[in-house]
Amino acid sequence: MAKKGRVFSGIRPTGRAHLGNYLGAFKNYVALQDDYECVYCIVDLHALTTVEDTLNLKQNTYDLALDMLAAGIRPEETILFVQSHVPQVTELHTILSMVSPLGKLTDLPTFKDMVRQHPNNVNYGLVGYPVLMTADIVLYKSDLVPVGIDQAPHLEFARETVRSFNYRYNTKALIEPQMKSAEVPKVLGIDGKEKMGKSLNNHIELALTPEETRQRVMMMVTDPQRMKRTDPGNPDVCNVFTMHKTFTPKEDVEMINVECRRAGIGCVDCKKRFAENLNKALEPFRARRAELAAKPDRVHAILEDGARRARAIAEVTMREVRAAVQLP
Ligand code: TRP
């Protein structure tokens, strides 16, 4: 079947994937494979911009590949590869930096956030982060980039950079990418307040055992107004209920919706049910993950093959880019 275009996305290797990664990104990446030619990149060079992500980089890169494959990325069709395995991206990054206004980069909300979070490590690479991201996207002549809304400023930057480059060098070598926001709900952590993430330790890792998963689920914060079992609850403000909507059969969701409001079901019971359904949903993922984890050579071979295919596309683009800027 003819595919509709090329999708590209980059994922930072920040350790084992959690439920937020799965619902917010992987699920969508897997679905896109049906209609698009997909290129998914584990961005290890981007990870080097922050010190925490630099630790265990190799292991985190491998773990992420394992998690993505287990989640359903199909490496026979999709190109799954590691950013640093395609050195052309750093060359393109340098060339694109010449059409990247410094003021625009330091004005980006994402840059300002990083400065706030890491005041002692405001490095040059951090300023160039969006330039490297642009290089990722355009190196593969990508049409669509599925990313969360937090990445919108970076996508806009990429589009402007493509226009500046093509205009300055009078070329059509680079393609302006479109952002593709998936309609995914913000996945909250077990604290029920903040977005699920490893740094806040409010996450539920996908690769936990069923028992460990149950323990994490039992720690989830429910409707804070519901103090006692006999108090009626409000599912509309309860993160456990929100998650039930994704993992629990419809009739049961409706039952919980009704029973919670009249104190017919307690939070402990409700969470036990959620843990069961979540564990059931994660079963195929865990089975595939265990199978792959037993064959690390296979995972490395997949990444090597992905890199080889990615380099072939990258080199075609770079020939056009070098010609446009009059480099040999
Ligand atoms: N900046 C993205 C993030 O933090 C990761 C990323 C790097 C990316 N390169 C990319 C996303 C290219 C999409 C396309 O999530």
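Numbering of ligands and ligand atoms starts at 1, following listing order.
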Shared hydrophobic cluster for F8 and M68 (ILVMFWY, side-chain gaps under 4.5 Å) = no
Atom indices of ligand 1 within 4.0 angstrom of F8 heavy atoms, with elements | 12 (C), 14 (C)
Going by the order shown, which atoms of ligand 1 are within less than 4.0 Å of some heavy atom of Q151?
-> 1 (N), 2 (C), 3 (C), 4 (O), 15 (O)
Any Lys/Arg nitrogen of E254 or K245 sitting under 4.0 Å from an Asp/Glu carboxylate oxygen of the other?
-> no
Atom indices of ligand 1, in the order listed, that fall short of 4.0 Å to a heavy atom of V147 | 11 (C), 13 (C)
Per-atom contacts of ligand 1 with V43, taking only distances under 4.0 Å to non-hydrogen atoms | 7 (C), 9 (N)
Per-atom contacts, ligand 1 versus V145 - under 4.0 Å to a heavy atom | 13 (C), 14 (C)
Per atom 13 (C) of ligand 1, closest listed option by heavy atom (G10, A25, A47) = G10
Looking at E194 and K186, does any basic side-chain N land under 4.0 Å from a carboxylate oxygen?
-> no
May I ask you to identify the nearest protein heavy atom to atom 10 (C) of ligand 1, giving residue, atom name and distance to one decimal place in Å?
-> M133 CG, 3.5 Å
Which is it for I137 and ligand 1 at heavy atoms under 4.0 Å: side chain, backbone, both or neither?
-> side chain
Should you measure from each heavy atom of Y129, which atoms of ligand 1 turn up under 4.0 Å away?
-> 1 (N), 2 (C), 3 (C), 4 (O), 5 (C)
Quick one: does D136 get an N or O within less than 3.5 Å of an N or O on ligand 1?
-> yes
Per-atom contacts, ligand 1 versus H46 - under 4.0 Å to a heavy atom = 7 (C), 9 (N)
Identify whether the distance between the nearest side-chain nitrogen and carboxylate oxygen of R288 and E291 falls below 4.0 Å.
-> no
R74 and E77 ion-paired at < 4.0 Å | yes
Got a salt bridge between R273 and D269, using NZ or NE/NH1/NH2 to carboxylate O under 4.0 Å?
-> no
